[in-house]
There are 4 protein chains.
Amino acid sequence: MTDTTEMLDTHPSDLSDIDKAKLAACIDACLECAQACTACADACLSEDIVADLTDCIRTNLDCSDICFATANILSRVSGHDAAMTRTVLEACRAACNTCAAECDRHAEMHDHCRVCAEACRRCEEACAKLLATLA
Amino acid sequence: MTDTTEMLDTHPSDLSDIDKAKLAACIDACLECAQACTACADACLSEDIVADLTDCIRTNLDCSDICFATANILSRVSGHDAAMTRTVLEACRAACNTCAAECDRHAEMHDHCRVCAEACRRCEEACAKLLATLA
Amino acid sequence: MTDTTEMLDTHPSDLSDIDKAKLAACIDACLECAQACTACADACLSEDIVADLTDCIRTNLDCSDICFATANILSRVSGHDAAMTRTVLEACRAACNTCAAECDRHAEMHDHCRVCAEACRRCEEACAKLLATLA
Amino acid sequence: MTDTTEMLDTHPSDLSDIDKAKLAACIDACLECAQACTACADACLSEDIVADLTDCIRTNLDCSDICFATANILSRVSGHDAAMTRTVLEACRAACNTCAAECDRHAEMHDHCRVCAEACRRCEEACAKLLATLA
């Protein structure tokens, strides 16, 4: 998703105090994680043992919601409140960590949980790296 | 929005450890705040002095996004991770506080900012009250 | 949710060509339906026979997503493209119809499906009534 | 965003009646378009002539909302109602068309509008191609 970087590069505001590479990486990781989580919830619903996967489905849906909101909030780069951005990133990181742990429990049996757990870990890391630049 | 309470009352899980009244109040406050923020951003865009209201518009949009995500996450009542719910509620409370403060600055001149600030304050309080029950 | 009407009444644009009562009713119905659908999906996940409810869960999630988007788009009242609004309302009406029919199938056994079906029917009607004013 | 394809490939349902390549392309195009639209609205808010760009901002926000909802709905691949999917895709295509036309009007003056218009056109095409497979 190269558009994210191009949209930052064409933004009229002075963004010199922002680490654009880490910001773009975090936005993209949020979008990819949100999609993986929505898809993983749907895949879990198709498994014969869906009754054993209800926690995974709920965690997927929660993670998807917070990742989409975070991607949107991060995409509004100028003039935003740093303290608020930080709490959103913390919430997103926590959701990704929870969802990765839950999906990891089923990763050996269900490939979609393995792929989703990897997307969650990447997003968790991207949030942590962006948070480090805001400190 | 009485459906929120009715949906909680018809949920098959044992929710006896949850303060259902405060949960329903917080979900409804999030939805009302999200709508007010989306509408306030649109109203700001119609003001002659829109150039002075860009921070208000951005804050409105951020607050709306996090409020919708929070309403969804809170509506998944069973089996969710308490620590994750708490970080989302903290992020929502922070966004509502920021948005209320920004809208308050324009409340005397723009009635939509006054109504929106009130919705943000109610949501901020509802998040705080629900957080207190999770501690 | 009286704020929806108050936000329309305080909007600086001339909205005399819009049926504000039907617009506010449709926005509120979308938000209530979205919440009911998210909650119904979660309640279905807690039922012992969750394996028989996977279509209901998917339809709930789809309906919730389109209802939230419709509520947001309708809340941007000024200057929007009527043809685009109409296609969004048609999609929302179709999703509510599908979800109501699916939930109705389980309404006798699951009270949450009954409540959710009613919210979907109300939203479907509100979309139809608003569409009639745009024709 | 290669995860989208991988999530489809690991889905346990029989998806042989779905054109997976076109579906994955459409989901990715929706996510990229949603991000570009959110970012373009923010960039427009930073322009000196923001007062001339309010229609662009509103259209961006509408397009972003419907693109996110469409990406989510398309990511639930199994068992969904084809008629409902079609109305959502039609709404998304209409929103992308409207937003591309609006952004094109400012593309020479604002690079972010040019990039966003291209993302909208790609998404419009991806929706059209997927719709053709559903007919």
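Proteins come first, then strands; the chains are lettered A, B, ... in the order of their sequence lines, and each starts at number 1.
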Does the side chain to side chain donor-acceptor pair (under 3.5 Å) test come out yes or no for A:S13 and D:S46, once each step is laid out?
-> CA-CA 6 Å; A:S13 295; D:S46 291; 2.7 Å; yes
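Considering every non-hydrogen atom in both D:Q35 and A:S75, the closest pair reads NE2-OG, 3.0 Å. Shortest non-hydrogen contact noted between D:E47 and A:P12 is OE2-CG, 3.3 Å.
Contacts of D:A71 with chain A are absent, with no heavy-atom separation under 4.5 Å from either backbone or side chain. Heavy atoms closer than 4.5 Å to chain A are found in both the backbone and the side chain of D:C40.
Contacts classified as ring-ring contact (aromatic ring centres under 6.0 Å, His included) and involving residues 29-65 of chain D (residues at least two apart or in different chains) are not found.
A donor-acceptor distance shorter than 3.5 angstrom exists from the side chain of A:D42 to the backbone of D:V77, with no hydrogens or angles considered.
By the 4.5 Å heavy-atom criterion applied to side chains, D:N72 and A:S64 are counted as neighbours.
Within 6.0 Å of NZ in D:K20 there are more than 12 heavy atoms belonging to other residues, nucleotides or ligands.
Listed by sequence position, A:D111, A:H112, A:R114, A:V115, A:C116, A:A119, A:R122 are the residues of residues 107-122 of chain A in contact with chain D, using a 4.5 angstrom heavy-atom cutoff.
Distance CG/D:D28 to CG/A:L31: 10.0 Å, rounded to 0.5 Å.
Between chain A and the residues D:D9, D:T38, D:D48, D:L8, the largest count of heavy-atom pairs under 4.5 Å involves D:T38.
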